[in-house]
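These figures come from a predicted structure and were not determined experimentally.
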Amino acid sequence: MVLLENDSFLTELTRLFQKCRTTGSVAITLKKYDGRTKPVPRKGHPESYEPADNKCLLRASDGKKKISTVVSTKEVIKFQMAYSNLLRAHMDGLKKKDKKSKSKKTKATQ
Amino acid sequence: MPYYQTWEEFARAAEKLYLTAPMKVRVVIKYRHCDGNLRIKVTDDAVCLQYKTDQAQDVKKIEKLHGKLMRLMVSKESGAMETD
C-alpha cells in the first residue's frame with residue numbers, strides 16, 4: 001500500500017481510472033482516521049499514540065495497485081474540489097437519462 | 001445485503017449511520033467503466049447500506065455525499081452540519 005501526498009494521490013487515481021476504462025473496476029474507500037501509526041496494543045500495554053480528530057484516510061485500488069492518502073482539515077477544501085472534478089470527469093460511462101429519445105447512440109450501425 | 005431503491009433513503013441512512021459511529025464507518029465506492037455501473041457502500045461492519053446505479057445523474061449525488069462525509073470526518077466539532 002503506497003501512502004502518497006494528496007496531489008500525488010490524485011495523479012495516481014487519474015491513472016487508475018484511465019487504466020480501468022476497458023476492463024476492471026476502481027474501488028475508493030473513505031474512513032475517519034485518528035492518526036495512529038502502530039497497531040492497537042493488546043490489553044496491558046498503554047496506548048502510545050496521540051488521538052487526532054481531524055483526519056480521514058482515502059484508499060484507492062484497481063485490484064492490483066493500491067494507493068492511499070491522509071486528508072486533514074487544512075487540505076480538505078482544496079483536495080475535495082480537485083477530487084470531485086476528478087470523479088465527475090472519469091465516471092462518465094454511465095447511462096444518461098433522456099426522456100424523449102431512446103438511446104440513439106447505443107444502436108449499432110450495420 | 002440490501003440495495004436501496006431510492007437515493008434519498010440511502011443518503012439519509014448513510015449519514016445517520018456515520019453519525020452514530022464515526023470511527024467505525026467506512027464508505028466504499030466501486031466504479032466499473034466497462035460495465036457502466038457504480039456502487040456505493042456505507043458500513044460499520046455490523047450494518048451494511050448499499051446503492052447501485054448505472055445512471056450518470058447519480059455520479060454527482062454520490063460525489064456530493066462522499067464529499068459531505070469527508071468533511072464531517074475532518075471537522076473537529078461533532079455535530080457540525082454544513083448545508084450545501
Side-chain angles (χ1 to χ4, degrees), chain A residues 6 13 16-36 40 51-63 69-99 103 106, chain B residues 6-7 11 14-15 17-46 48-80 82 84:
Chain A
N6 291 353
L13 183 58
L16 283 184
F17 272 110
Q18 287 164 345
K19 239 176 53 174
C20 292
R21 273 183 101 74
T22 46
T23 181
S25 45
V26 181
I28 302 171
T29 309
L30 168 71
K31 194 174 180 175
K32 190 163 157 73
Y33 176 52
D34 60 0
R36 66 178 81 203
V40 178
D53 193 31
N54 62 337
K55 292 193 258 219
C56 68
L57 181 64
L58 257 137
R59 293 197 189 114
S61 165
D62 65 348
T69 190
V70 177
V71 187
S72 59
T73 326
K74 296 185 197 144
E75 311 152 341
V76 71
I77 300 172
K78 205 179 82 168
F79 179 82
Q80 212 216 311
M81 255 176 32
Y83 176 73
S84 312
N85 291 337
L86 211 161
L87 285 193
R88 263 180 276 171
H90 285 97
M91 294 186 174
D92 58 348
L94 304 183
K95 292 188 208 151
K96 303 234 171 14
K97 206 175 189 180
D98 37 14
K99 293 176 187 174
S103 41
T106 52
Chain B
T6 57
W7 172 255
E15 214 178 310
L17 183 65
Y18 171 71
L19 291 172
T20 52
M23 277 315 292
K24 282 184 112 178
V25 166
R26 69 176 185 279
V27 183
V28 186
I29 297 177
K30 204 173 216 183
Y31 172 69
R32 282 187 71 87
H33 187 90
C34 48
D35 294 338
N37 64 19
L38 179 62
R39 285 165 199 246
I40 180 168
K41 171 164 84 170
V42 179
T43 179
D44 67 348
D45 295 328
C48 184
L49 315 165
Q50 289 180 291
Y51 183 80
K52 64 176 172 185
T53 181
D54 57 355
Q55 300 289 326
Q57 57 180 348
D58 286 330
V59 172
K60 193 171 175 189
K61 295 183 190 158
I62 286 175
E63 169 261 307
K64 273 177 89 172
L65 178 65
H66 198 258
K68 191 171 191 183
L69 291 170
M70 202 190 302
R71 267 175 289 138
L72 281 175
M73 291 176 184
V74 297
S75 67
K76 285 188 195 164
E77 316 97 46
S78 53
E82 296 172 42
D84 266 342

Sort [X] into side chain, backbone, both or neither according to what part of it lies under 4.5 angstrom from a heavy atom of chain B.
X: A/Lys97; answer: both
X: A/Val76; answer: side chain
X: A/Cys56; answer: both
X: A/Thr73; answer: both

Side-chain polar contacts of residues 77-86 of chain A - donor-acceptor pairs under 3.5 angstrom, sequence neighbours left out - could you list them?
{"unit_1": "A/Gln80", "atom_1": "OE1", "unit_2": "B/Arg71", "atom_2": "NE", "d": "2.9"}
{"unit_1": "A/Tyr83", "atom_1": "OH", "unit_2": "B/His66", "atom_2": "ND1", "d": "3.3"}
{"unit_1": "A/Ser84", "atom_1": "OG", "unit_2": "A/Gln80", "atom_2": "O", "d": "2.6"}
{"unit_1": "A/Ser84", "atom_1": "OG", "unit_2": "B/Glu63", "atom_2": "OE2", "d": "3.0"}
{"unit_1": "A/Asn85", "atom_1": "ND2", "unit_2": "A/Met81", "atom_2": "O", "d": "3.3"}

Report task. Name all residues meeting the side chain to side chain donor-acceptor pair (under 3.5 Å) criterion together with B/His33; count only those two or more places apart in sequence or in a different chain, and write none if there are none. Result ->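 With neighbours one apart ignored, the set is B/Tyr31.
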**Report entry** Residue selection (most heavy-atom pairs with chain A, distance under 4.5 Å) from B/Arg26, B/Arg39, B/Gln57, B/Gln55
**Finding:**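 Sorted descending by pairs with chain A, the first entry is B/Gln55.
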Query - Most contacts with chain A, counted as non-hydrogen pairs under 4.5 angstrom, among B/Met73, B/Lys24, B/Met70 - result: B/Met73
Report task. Let me see the working for A/Asn54 and A/Ser72 under side-chain hydrogen bond (donor to acceptor under 3.5 Å, both in side chains), right down to the final yes or no. Result -> CA-CA 6 Å; A/Asn54 62 337; A/Ser72 59; 5.3 Å; no
Query raised in the report: With side chains defined as the heavy atoms from C-beta onward, is the minimum distance between A/Leu13 and A/Ile28 less than 4.5 Å?
Result: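 Side-chain contact under 4.5 Å: yes.
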Report summary line: Only residue of B/Leu69, B/Ile29, B/Val42, B/Val28 satisfying side-chain contact (heavy atoms from CB on, under 4.5 Å) with A/Leu30 is B/Leu69
